[in-house]
Amino acid sequence: MSYTMRDMQEKTGLSAPTLRYYEKEGILPFVERNERDQRLYNDQNIEWVKFILALRATGMPLAEIKQYVESYKKGESTISERRNMMLQHKKKVEADMSQTYLHLEQINYKLALYDTLEAGLNNKQIKI
């Protein structure tokens, strides 16, 4: 199935300039064109965009994504290299998540204090 630029914008949430930029930079591979040189996207392109968005949302720089795509284009000989890239990124994401969880614990602690203070103000029985 083929999709137009407008279809891709609707399916991915990305703007046309962003899609064109990703393609131009080699981050979105395998985009075909019709006889009028218009982009024709397919389901594989949609999956690539989803993958790119996941990597971006978890902090991978575009330069590293481009490196990954270039390795992917080289074929099976780069499987170990790509796996290593994903493993390193996974470790970074896990460390970020761990840090975020610690921050969340601090926020929850502060909220618990406010709940206690509000309960005390409402009951006038708890003194600090």
Side-chain angles (χ1 to χ4, degrees):
M1 175 143 209
S2 292
Y3 304 105
T4 65
M5 177 65 79
R6 180 173 286 129
D7 294 333
M8 275 299 276
Q9 291 178 85
E10 291 172 5
K11 290 184 175 298
T12 65
L14 294 178
S15 68
T18 300
L19 289 164
R20 286 191 292 268
Y21 175 77
Y22 282 178
E23 182 186 354
K24 180 181 141 219
E25 292 298 313
I27 295 167
L28 179 56
F30 315 118
V31 176
E32 296 180 14
R33 292 180 179 260
N34 65 15
E35 61 281 350
R36 292 179 283 169
D37 204 34
Q38 295 170 318
R39 290 168 178 84
L40 293 176
Y41 297 98
N42 58 37
D43 291 329
Q44 181 185 19
N45 299 131
I46 292 171
E47 292 306 312
W48 269 104
V49 168
K50 288 178 182 177
F51 181 56
I52 291 165
L53 292 174
L55 294 175
R56 290 294 295 142
T58 55
M60 184 179 275
L62 289 177
E64 286 182 32
I65 296 172
K66 184 176 182 175
Q67 180 183 353
Y68 177 88
V69 172
E70 288 171 0
S71 293
Y72 179 87
K73 287 179 179 179
K74 292 177 184 174
E76 291 181 9
S77 65
T78 64
I79 287 174
S80 292
E81 177 184 341
R82 288 181 276 144
R83 183 185 184 284
N84 189 48
M85 286 181 75
M86 287 300 104
L87 184 59
Q88 294 306 311
H89 186 64
K90 177 183 183 271
K91 289 177 181 177
K92 181 200 168 295
V93 170
E94 288 173 341
D96 291 348
M97 289 174 66
S98 178
Q99 190 64 43
T100 299
Y101 186 75
L102 290 175
H103 296 316
L104 180 60
E105 285 180 338
Q106 290 176 328
I107 292 167
N108 284 334
Y109 174 77
K110 189 60 81 171
L111 286 169
L113 287 176
Y114 288 132
D115 288 344
T116 301
L117 288 170
E118 283 182 339
L121 292 175
N122 291 337
N123 293 331
K124 303 286 186 199
Q125 295 173 356
I126 300 174
K127 296 189 179 192
I128 294 180

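Arg83 meets the salt bridge (Lys or Arg N to Asp or Glu O under 4.0 Å) test with no other residue; sequence neighbours excluded. Applying the side-chain contact (heavy atoms from CB on, under 4.5 Å) rule to Lys50 yields the partners Ile46, Glu47; only residues at least two apart in sequence or on another chain are considered. Judged as a side-chain hydrogen bond (donor to acceptor under 3.5 Å, both in side chains), and not counting sequence neighbours, Ser2 has no contacts. Applying the side-chain hydrogen bond (donor to acceptor under 3.5 Å, both in side chains) criterion to Gln44, with sequence neighbours excluded, gives no partner residue. For Tyr3, there are no ring pair (Phe, Tyr, Trp, His ring centres under 6.0 Å) partners, not counting sequence neighbours. Partners of Glu81 according to the side-chain contact (heavy atoms from CB on, under 4.5 Å) rule, which considers only residues two or more places apart in sequence or in another chain, are Gln67, Ser71, Thr78. Checked against side-chain contact (heavy atoms from CB on, under 4.5 Å), Met97 has the following partners two or more places apart in sequence or in another chain: Val93. The side-chain contact (heavy atoms from CB on, under 4.5 Å) check on Asn34 picks up Arg36, Gln38, Leu40, with sequence neighbours excluded.
Taking 4.5 Å as the limit, every side-chain heavy atom of Tyr68 sits out of range of all side-chain heavy atoms of His89. When side chains are defined from C-beta on, Leu14 counts as touching Leu53, because their heavy atoms get closer than 4.5 Å. When side chains are defined from C-beta on, Tyr22 does not count as touching Ile65, because their heavy atoms never get closer than 4.5 Å.
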Check: residues 24-32 side-chain donor-acceptor pairs under 3.5 Å, at least two apart:
none

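Both Met1 and Trp48 are members of a single hydrophobic cluster when ILVMFWY side chains are connected at heavy-atom separations under 4.5 Å. By the rule that hydrophobic residues join a cluster once side-chain heavy atoms approach within less than 4.5 Å of another member, Tyr72 and Ile79 end up as members of separate clusters.
Applying the salt bridge (charged side-chain N to carboxylate O under 4.0 Å, His left out) test to every pair with at least one member in residues 89-102, sequence neighbours left out, gives these pairs: Lys90-Glu94, Lys92-Asp96. Residue pairs satisfying the side chain to side chain donor-acceptor pair (under 3.5 Å) criterion with at least one member in residues 103-113, sequence neighbours excluded, are listed as follows: Gln99-His103. Residue pairs that meet the side chain to side chain donor-acceptor pair (under 3.5 Å) test with at least one member in residues 5-20, sequence neighbours left out, are Thr4-Asp7, Ser15-Thr18.
With salt bridges taken as basic N to acidic carboxylate O contacts below 4.0 Å, none links Arg56 and Glu64.
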